[in-house]
Amino acid sequence: VTHDSAMEVTRWKNLQLTGAVKQFFPLSDDWSLLWGLSGEAGSDPSAPLDPDRRAQIGGTDLYLKYRPLADGRHTIVSLQAEWFYRRRDGTGEPLHDTGGFAALFWRFAQRWATAARWELGTPTRNGAGTITPAPCPTADCVDGAFTADLQRISANITFWPTEFSRLRLQGATTLPGGGGDPQWSVLTAFEFAVGAHGAHAF
């Protein structure tokens with residue numbers, strides 16, 4: 001059984017309200033920090049057939065960057081992280097889950113950089129901490145089988161042949177956390193830009 005997951009807006013409670021605040025901190029000539037808070041509230045998009053179901057999401061994120069300006073070096077090191085908490089109206093009790101990621105980037109030469117990323121998502125739990133998988137509205141839905149912490153680890157290396165192109169090789173593994181076998185993937189990407197652009201140092 002399948003259905004259209006789009007939710008019709010029939011009352012003000014169906015509207016999604018989103019807010020965010022960001023603050024930049026220039027720690028020094030070489031270090032900078034961006035920190036933010038965000039939130040969202042409205043109808044639960046995971047239950048499109050029940051417009052009265054509500055959901056709230058709160059999150060925080062940061063971006064820490066090191067870029068030495070002396071000696072004309074091309075070094076860039078950055079750490080980016082985000083974490084969120086979601087609460088939903090269940091069938092008689094609130095449901096909650098959480099997740100986030102952390103990513104480390106290092107540009108060690110003018111044309112070379114590498115990065116690594118870790119992601120975590122937890123299954124839905126009720127107020128007592130019991131795992132409560134969400135109902136699966138479509139045949140290809142994976143949320144219904146999400147009964148353990150899910151982790152994903154990836155790493156990549158990037159090469160810039162020119163200032164208008166980029167070549168990347170990335171590998172990743174997904175760890176189900178419920179005793180299943182890890183899933184592996186490898187991908188390559190080539191990007192290039194054409195057209196007018198502002199003057200900049202490569």
Side-chain angles (χ1 to χ4, degrees), residues 18 20 22-38 40 45 57-86 97-123 140-143 145-202:
T18 303
K22 303 284 186 179
Q23 178 62 49
F24 177 74
F25 301 93
L27 303 179
S28 69
D29 291 340
D30 300 335
W31 289 88
S32 58
L33 174 67
L34 180 67
W35 176 64
L37 293 171
S38 58
E40 182 177 10
I57 299 176
T60 183
D61 61 275
L62 66 85
Y63 180 71
L64 178 65
K65 183 177 180 180
Y66 168 70
R67 183 171 187 175
L69 300 180
D71 304 326
R73 289 185 289 173
H74 299 282
T75 300
I76 299 176
V77 179
S78 67
L79 173 65
Q80 185 176 6
E82 181 176 359
W83 198 258
F84 77 89
Y85 171 81
R86 179 175 64 168
D97 52 15
T98 186
F101 77 90
L104 183 65
F105 171 84
W106 177 31
R107 183 165 183 169
F108 54 88
Q110 182 180 14
R111 297 180 182 273
W112 289 93
T114 186
R117 180 183 174 103
W118 170 78
E119 303 170 50
L120 172 69
T122 69
D140 59 351
C141 174
V142 298
D143 193 30
F146 193 19
T147 58
D149 289 350
L150 183 67
Q151 297 185 67
R152 188 171 187 268
I153 303 171
S154 60
N156 66 64
I157 188 166
T158 301
F159 173 66
W160 287 268
T162 69
E163 61 179 311
F164 308 110
S165 60
R166 180 170 65 181
L167 182 64
R168 174 172 293 168
L169 174 64
Q170 177 172 304
T173 179
T174 301
L175 308 174
D181 295 330
Q183 301 174 6
W184 299 87
S185 63
V186 177
L187 64 87
T188 58
F190 177 68
E191 304 173 46
F192 64 93
V194 295
H197 64 284
H200 63 278
F202 176 52

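The figures that follow rest on heavy atoms only: side chains count, while hydrogens, waters and symmetry mates do not.
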- Message: Are more than 12 heavy atoms, taken from residues, nucleotides or ligands other than Phe192, located less than 6.0 Å from that residue's CZ atom?
- Response: no
Not counting sequence neighbours, which residues clear side chain to side chain contact (heavy atoms under 4.5 Å, CB included) with [X]? List them please.
X	result
Leu169	Ile157, Val186, Thr188
Glu40	Gln16, Thr18, Ile57
Ala109	Trp112
Pro182	Thr173, Leu175, Trp184

- side chain to side chain contact (heavy atoms under 4.5 Å, CB included) between Arg67 and Thr75, worked out: CA-CA 6 Å; Arg67 183 171 187 175; Thr75 300; over 6 Å; no
Is [Y] close to [X] at the side-chain level, that is, under 4.5 Å between some pair of heavy atoms?
X	Y	value
Leu64	Ser78	no
Leu34	Phe25	no
Gln151	Trp118	yes
Arg152	Ser185	yes
Lys22	Asp61	yes

- Would you check, one step at a time, whether the test side chain to side chain donor-acceptor pair (under 3.5 Å) holds for Trp35 with Thr60? CA-CA 8 Å; Trp35 176 64; Thr60 183; 3.0 Å; yes
- Are a donor atom and an acceptor atom from the side chains of Arg117 and Ser154 found within less than 3.5 Å of each other? no
- Check the angle between the aromatic planes of Trp31 and Tyr66 and answer parallel, tilted or perpendicular using the 30° and 60° thresholds. tilted
- Query: Does Ser32 use its side chain to pair, donor to acceptor, with the backbone of Pro26 at less than 3.5 Å?
  - Reply: no
- Any donor-acceptor pair under 3.5 Å linking the side chain of Thr114 with the backbone of Asn156? yes
Could you measure the distance from the [atom1] atom of [X] to the [atom2] atom of [Y]? Nearest 0.5 Å is fine.
X	Y	atom1	atom2	result
Gln80	Leu104	CD	CG	11.0 Å
Arg86	Thr122	CZ	OG1	9.0 Å
Gln110	Glu163	CD	CD	9.5 Å

- Verdict with reasoning, Ser165 to Trp160, per side chain to side chain contact (heavy atoms under 4.5 Å, CB included): CA-CA 6 Å; Ser165 60; Trp160 287 268; over 6 Å; no
- Item | Under the salt bridge (Lys or Arg N to Asp or Glu O under 4.0 Å) test, residues paired with Glu82 that sit two or more places apart | none
- Message: Walk me through whether Leu150 and Thr174 qualify under side chain to side chain contact (heavy atoms under 4.5 Å, CB included).
- Response: CA-CA 7 Å; Leu150 183 67; Thr174 301; 3.7 Å; yes
- Task: Decide side chain to side chain contact (heavy atoms under 4.5 Å, CB included) for Phe105 and Lys65; before the verdict, give the C-alpha distance in whole Å, the side-chain angles of both, and the deciding distance to 0.1 Å.
- Result: CA-CA 9 Å; Phe105 171 84; Lys65 183 177 180 180; over 6 Å; no
- Looking only at heavy atoms, the pair that brings Val77 and Trp106 closest together is CG2-CD1, 3.5 Å
- Would you name the heavy atoms of Arg168 and Thr158 that are closest together and state the gap between them? NE-OG1, 2.9 Å
- Message: Checking Gln183 now: which residues fulfil side chain to side chain donor-acceptor pair (under 3.5 Å) with it, not counting sequence neighbours?
- Response: none
